[in-house]
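What follows is a short report on a single structure.
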Amino acid sequence: MSPKPSARAGAREWIALAVLGVPAVLVMMNMSVLYLALPSLSTSLEPDGPQLLWITDIYGFMVAGSLVTMGTLGDRLGHRRILLAGAVTFTGASFIAAYAPGAGPLIAARAVQGVAAAALAPSSLALIRALFLDVRQRTLAITIWMMAFMGGGALGPLVGGVLLQYYWWGAVFLLALPAMALLLVTGPFLVPESRASAPGRLDAISVLLSLLTPLTIVYGIKDLAVRGLALPSVGVLAAGLVIGAVFVRRQRRLSNPLLDLGLFRIPAFAVAVTGMVLVGIVLFGTSLLTSQYLQLVLGFSPLEAGLWQLPSAVTGTVVALVVSSLTGRIRPAVLMSAGAAFAVIGPILLTQVDSNPVILASGSVLLFAGLTPFMALGTNLVLGAAPPERAGAASAISETGAELGGALGIAVLGSIATGVYGSYMIGHTPDGVPAKVAEIARETLPAALQAAQRLPESLGIPLAQTARDAFAHSLHVHALITIPLLIALALLTLTLRRATPPPPPSQPEQATTPTPALDRNRLIGGRIEPL
């Protein structure tokens, strides 16, 4: 069938895509610049270990907890409306974060940023789905949108490094203001409104449960990392699991669920979302440690650290373009699985990191390049598997997987790294260091370096070097943990090779041939029901 002329996107749609790329750049930049700002932020606000972890990952968990709600709200109220409301809120929260007087206000501002960011990503993806009906054009558009994320990762260290070189840490949060202003001015004219025709009622209890589940579980994990197997920590974690079970049970019983669990009956959808969680865990957890390693262990300035991180983002962008051009000849699942297997070389190199930044940069480049095919193609698999009227919910689930994985990577792998660091310090703290100082030094590397500066050189220099060695040891352990995760990702994704054939010749979405995964199901009222 020849595609209708109207099915092909024109100049207006591609310009609209550029506007929708703005929030994608900002969401990633907001994370990458924070990593660079952690050392100076720690010096200024003096957060303790748990507060430092909350500063880094409360954003991701609020995003993960709010994405499904925001995607569903977009289906009901209009994705453009939710997008613009999120832009306004993100701008205000960024201003508050920039001038936060302490760790507590900063954590609160980051939480609001997370809720606002949750309104940006699923709305952008749903609008792309509405703008690009042609299958190949939509694949390219989503790849470009994903490259905007990578571009944010590349710009974040550079722009953030320059700001931190000449201004205070809060300046990194002000980057959002001009970019969001551009979106607010041009969005209403370039981006059409899109909403579901019969969205149904929003269940407030489900919204609350979806937010409480990740926050409670992660709080329990964090507390376990600090206290060990203490009864309160185990109790909080168990409560989070129970809340999650109640949420799942409620979704199965509702006629219009907040999270459409029926979508997970599609193999391509289920595996892609699970893979995104694993990708987020590995990438975000690794980026948190490597950014601090460059500054606190190797002694680079924020700008120098940003430059050393630039090759990873640039390589990822190039790989995304190559992968997009290969999807017509090679199954996406094969590309994604091969990339995950190749990425294993990255953490193997990271286990050998010492004082040579080339080893760290090379390991990061290989890891990022190997996972890029999944980031570039996984989102399109999710959107392609879902019915059009559930585009907002599907894109929200897709982004929830990535953001939840990122937050888990920071919380779980970050907590493990903190525990490894503390254990190393307990067994290697130099003799003569006062007990109170030693206790402070065991919390975080920034705390140890600040404590070392207040000691005589005969004690301060050995303490600082021991703390750097402890952090290097925690990075090596982290790399070892990520290797089996990447192997599992490669094997899991390979199971999709029969369910994800190469895309058919360019045609509008309504004329596409269902994949084998969809042939085994039928669509009823936007939900997937088995035949």
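Keep in mind it's a predicted model, so treat the numbers as computed, not measured.
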Q: Look at the side chain of Arg80 and the backbone N and O of Pro188, then say whether any donor-acceptor pair between them is shorter than 3.5 Å.
A: yes

Under 3.5 Å, sequence neighbours excluded: what are the donor-acceptor pairs made by side chains of residues 454-461?
none

Q. Can Thr89 and Val115 be said to form a side-chain contact (heavy atoms from CB on, under 4.5 Å), step by step?
A. CA-CA 9 Å; Thr89 306; Val115 175; over 6 Å; no

Q: Indicate the atoms forming the closest heavy-atom contact of Ala369 with Thr315, along with that distance.
A: CB-CG2, 3.8 Å

Q) Do Leu298 and Arg468 come close enough that some side-chain heavy atom pair is under 4.5 Å? A) no

Q.
Suppose we screen for ring-ring contact (aromatic ring centres under 6.0 Å, His included). Which residues come up paired with Tyr99, at least two apart in sequence or across chains?
A. Phe95, Trp168

Q) Closest heavy-atom contact between Ala100 and Leu45? A) O-CD2, 4.1 Å

Q | Inter-residue atom distance Gln450.CD - Ile440.CD1, 0.5 Å rounding | A | 9.5 Å

Q) Is the CD atom of Glu304 crowded by more than 12 outside heavy atoms at less than 6.0 Å? A) yes

Q. Within the side chain of Ser44, is there an N or O that forms a donor-acceptor pair under 3.5 Å with the backbone of Leu41?
A. no

(Q) Measuring from atom CG of Leu83 to atom CG of Leu184, what distance do you get when rounded to the nearest 0.5 angstrom? (A) 8.5 Å

Q.
Determine whether a donor-acceptor pair (N or O, by modelled atom type, separation under 3.5 Å) exists between the side chain of Thr351 and the backbone of Ile348.
A. yes

Q. If only atom types and distance count, is the side chain of Thr482 paired as donor or acceptor with the main-chain N or O of Ala479 below 3.5 Å?
A. yes

Q) Heavy-atom distance under 4.5 Å between the side chains of Pro105 and Ile96, does that happen here? A) no

Q | Nearest non-hydrogen partners of Leu486 and Ala343, listed with the distance | A | CD1-O, 3.7 Å

(Q) If I compare all heavy atoms of Gln292 with all of Phe471, which pair ends up nearest, and what's the gap? (A) CB-CZ, 3.7 Å

Q) How far does OG of Ser364 sit from CG of Leu289, to the nearest 0.5 angstrom? A) 10.5 Å

Q: State the OG1-NE2 distance between Thr466 and His428, to the nearest 0.5 angstrom.
A: 8.5 Å

Q | Sub-4.5 Å side-chain heavy-atom contact between Phe90 and Leu183 | A | no

Q) What are the two closest heavy atoms between Phe374 and Ala272, and how far apart are they? A) CE2-O, 3.4 Å

Q. Is there side-chain contact between Leu463 and Met425, with heavy atoms separated by less than 4.5 Å?
A. yes

Q.
Main chain of Ser287, side chain of Thr290: is a donor-acceptor contact present, judged purely on distance under 3.5 Å?
A. yes

(Q) Could you measure the distance from the OG atom of Ser474 to the CD1 atom of Ile416? Nearest 0.5 Å is fine. (A) 11.0 Å

Q) His473 side chain to Tyr421 main-chain N or O, any donor-acceptor pair under 3.5 Å? A) no

Q) Is Leu449 close to Leu296 at the side-chain level, that is, under 4.5 Å between some pair of heavy atoms? A) yes

Q) Any side-chain heavy atom of Gln295 sitting closer than 4.5 Å to one from Trp308? A) no

Q. Do you know the tightest heavy-atom contact between Ala103 and Ile55?
A. CB-CD1, 4.3 Å

Q: Find the distance between OG1 (Thr274) and CG (Leu489) and round it off to the nearest 0.5 Å.
A: 10.0 Å

